[in-house]
Participant: 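Handing you a structure now.
Only heavy atoms go into these numbers, but all of them, side chains included; no hydrogens, no water, no symmetry mates. All chains are named by letter (A, B, ...) in the order of the sequence lines, taking the proteins before the strands, and each is independently numbered beginning at 1.
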Number of protein chains: 2
Amino acid sequence: MIETNILAVASRRSEDDIVSRIDDSLIALRRIMLATELYGKELASAAGLTAAQFRALQIVGEKGWETPKVIAARMGVSQATITALVDKLVKAGQVSRERSERDRRQTNVTLTGLGRQTLDDAPDALQQKYVSEFEALADWEQAQIIATLERVATMLDAENIDASPVLTTGDIKHH
Amino acid sequence: MIETNILAVASRRSEDDIVSRIDDSLIALRRIMLATELYGKELASAAGLTAAQFRALQIVGEKGWETPKVIAARMGVSQATITALVDKLVKAGQVSRERSERDRRQTNVTLTGLGRQTLDDAPDALQQKYVSEFEALADWEQAQIIATLERVATMLDAENIDASPVLTTGDIKHH
DNA sequence: CATAATGCTTAGATAAGCGAAACATTCGAA
DNA sequence: TTCGAATGTTTCGCTTATCTAAGCATTATG
């Protein structure tokens, strides 16, 4: 019985190892998500918007306009939700609605001057810490981080949803 | 003028590089967050709960009980929000409220048998893909991923919020 | 041309979240 | 010891986010 116990302990140990490693990686992922979520809230409220409104505004800001359907897909919510969100953004003067000329079923949610200004002003809070620390890293470290993040993202992706940067990097260009 | 242009192009190129690298890393981060958010929703609805309710349940499940104050801190929301959330979980039979003996201002939110069962059953959907792929990696790769994730988490952490795994790893033990 | 498909909005509902105030309990002086 | 401050939770009133189902244009298709 002694030998069997030793074996049992040995095999048990390696399973504990993998469990704790998965735990470690999930804890780190959780920290990343929590930090980003809190940053997002902070950023949004600094701009006088809610987090969801700000996310939508950022998506619109990428090209200057976007359709509700695409915004909904990008945010992983229904179109009806976007209608309400855009209502708020229109009321706040951040975007406007314009009927598409090509296909008049479509609505283009278009960034206003104020919306552009909001986006230009706001990102600093969010990115400052990450961007500046990331910039300070050596080339190979940056490359390695990107590779690892992409790898993790791929491991997590069930379907491949196109996720453009919600955290825009516009601010760094002004340095 | 030709030389100056060459120099200008050279210096410009390196700045574009860093911008695009930050973009790459933020895109990957965004993919990670989106995937995790969607997983979370899926997982919760499989358990017949909402994402927020499930997150709270997971926190309670770690020790078997927890106070509203701690749950609120861990989830980054106000205590008032937790009161409502716990109401729902109590109504669903997943947890119960019990006055603390030590300090009767405190309430212990305690996992019920049903709650334990929900947690034991549910995680599979969420973790399967990530866990199985992660397990398949070589030792050094796992270690490297953890190191990188922790590094990124630290770069993002403004304050150091304690984030235990919201994605529990219980299921892997049943293999 | 009629009908299906598409894109968006409306309507009605529930959940999540907040701040302020109310309550009960414990702690800390004076 | 007793009274006021601090603590932990809940209640209240309100806003936002979200969903599904249904409705309304508009475009595409057989």
Participant: Looking only at side-chain N and O atoms, does S78(B) come under 4.0 Å of OP1 or OP2 in dG17(C)?
Facilitator: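 For S78(B), the contact criterion (side-chain N or O under 4.0 Å from OP1 or OP2 of dG17(C)) is not met.
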
Participant: Tell me: CG of L49(B) to C1' of dA15(C), nearest whole Å?
Facilitator: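 Between C1' of dA15(C) and CG of L49(B): 13 Å.
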
Participant: Between T154(B) and E150(B), do the side chains contain a donor N or O and an acceptor N or O under 3.5 Å apart?
Facilitator: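 Side-chain D/A pair, E150(B) to T154(B): absent.
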
Participant: Looking only at non-hydrogen atoms, find the nearest pair between I71(A) and I59(A) and report the distance.
Facilitator: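 In this case the closest contact between I71(A) and I59(A) is CG1-CG2, 4.2 Å.
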
Participant: Base, sugar-phosphate alone, or nothing: which one does A80(A) contact when heavy atoms must sit under 4.0 Å apart?
Facilitator: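 Counting heavy atoms under 4.0 Å across all strands, the contact made by A80(A) includes a base.
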
Participant: Within the structure shown, what part of the strands sits under 4.0 Å from L85(A) by heavy-atom distance: base, sugar-phosphate, or nothing?
Facilitator: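 Here L85(A) touches the backbone only, sparing every base.
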
Participant: Side chains of R55(B) and L85(B): closer than 4.5 Å at any heavy-atom pair?
Facilitator: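 Sidechains of L85(B) and R55(B): no contact.
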
Participant: If I take atom CG from residue D120(B) and atom CD from residue Q117(B), how far apart are they, to the nearest 0.5 angstrom?
Facilitator: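 Answer rounded to 0.5 Å: 8.0 Å.
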
Participant: I need the CZ-C1' distance between R99(B) and dT26(C), as an integer number of Å.
Facilitator: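 Answer to the nearest Å: 13 Å.
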
Participant: Salt bridge between R74(A) and E66(A), side-chain N to carboxylate O under 4.0 Å?
Facilitator: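 Answer for the salt bridge query: no.
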
Participant: If you find the nucleotide of DNA chain C closest to T81(B) and the one closest to K69(A), which residue's nucleotide is nearer the 5' end?
Facilitator: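 Whichever sits nearer the 5' end wins; that is K69(A).
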
Participant: Measure from CD on Q53(B) to C1' on dG17(C) and round the result to the nearest Å.
Facilitator: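 Between C1' of dG17(C) and CD of Q53(B): 13 Å.
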
Participant: Rounding to a whole Å, what distance do you find between K88(B):NZ and dT18(D):C1'?
Facilitator: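 Roughly 13 Å, once rounded to whole Å.
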
Participant: May I have the distance from E98(B) (atom CD) to dT10(D) (atom P), rounded to whole angstrom?
Facilitator: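 Rounding to the nearest Å, CD of E98(B) and P of dT10(D) are 13 Å apart.
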
Participant: Verify whether one side chain among S25(B) and Q142(A) offers a donor that lies under 3.5 Å from an acceptor in the other.
Facilitator: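 No donor-acceptor contact under 3.5 Å links the two side chains.
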
Participant: Can you tell me how far apart CG (L29(B)) and CD1 (I32(A)) are? Round to the nearest 0.5 Å.
Facilitator: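 The CD1 atom of I32(A) is 6.0 Å from CG of L29(B), to the nearest 0.5 Å.
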
Participant: If the cut-off is 4.0 Å, is T50(B) near the phosphate of dA16(C), judged by side-chain N/O to OP1 or OP2?
Facilitator: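 Yes, T50(B) has a side-chain N/O under 4.0 Å of OP1/OP2 on dA16(C).
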
Participant: Does P68(B) or V77(A) map to a spot on DNA chain D nearer the 5' end, using the closest nucleotide for each?
Facilitator: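 By nearest-heavy-atom nucleotide position, the 5'-most residue is P68(B).
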
Participant: Using atom CD1 of I82(A) as one end and atom C1' of dT16(D) as the other, report the distance to the nearest whole Å.
Facilitator: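 I82(A) atom CD1 is separated from dT16(D) atom C1' by 13 Å.
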
Participant: Give a yes/no on whether any side-chain N or O of Q79(B) is located under 4.0 angstrom from OP1 or OP2 of dT7(D).
Facilitator: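 Negative; the distance criterion is not met.
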
Participant: Among residues 100-112 of chain B, which ones have heavy-atom contacts with DNA chain C below 4.0 Å?
Facilitator: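 Within residues 100-112 of chain B, the residues near DNA chain C are D103(B), R104(B), R105(B).
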
Participant: Measure from the side chain of T83(B), starting at C-beta and using heavy atoms only, and say which of dT11(D), dT16(D), dG17(C) lies closest.
Facilitator: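 Of all the options, the side chain of T83(B) is nearest to dT11(D).
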
Participant: When you check the phosphate oxygens OP1 and OP2 of dT18(D), does a side-chain N or O of K41(B) lie under 4.0 Å from one of them?
Facilitator: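 Answer no for this pair, as no side-chain N or O of K41(B) is under 4.0 Å from OP1 or OP2.
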
Participant: Name the nucleic acid region contacted by R97(B), choosing base, sugar-phosphate or nothing; use a 4.0 angstrom heavy-atom cut-off, strictly under.
Facilitator: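 Sugar-phosphate: the residue R97(B), judged by heavy atoms under 4.0 Å, touches backbone atoms but no base.
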
Participant: Roughly, in whole Å, what's the span from CG in D87(A) to P in dC8(C)?
Facilitator: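 Distance check: D87(A) CG to dC8(C) P gives 14 Å.
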
Participant: For A84(B), report the nucleic acid contact type (base, sugar-phosphate, nothing); a contact means any heavy atom under 4.0 Å.
Facilitator: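 Touches nothing.
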
Participant: Nearest whole Å is fine: how far is dA17(D) P from R55(A) CZ?
Facilitator: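 Rounded to the whole Å, the gap is 9 Å.
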
Participant: How long is the gap from CD on Q58(B) to OG1 on T118(B), to the nearest 0.5 Å?
Facilitator: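 If I round to the nearest 0.5 Å, the distance is 11.0 Å.
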
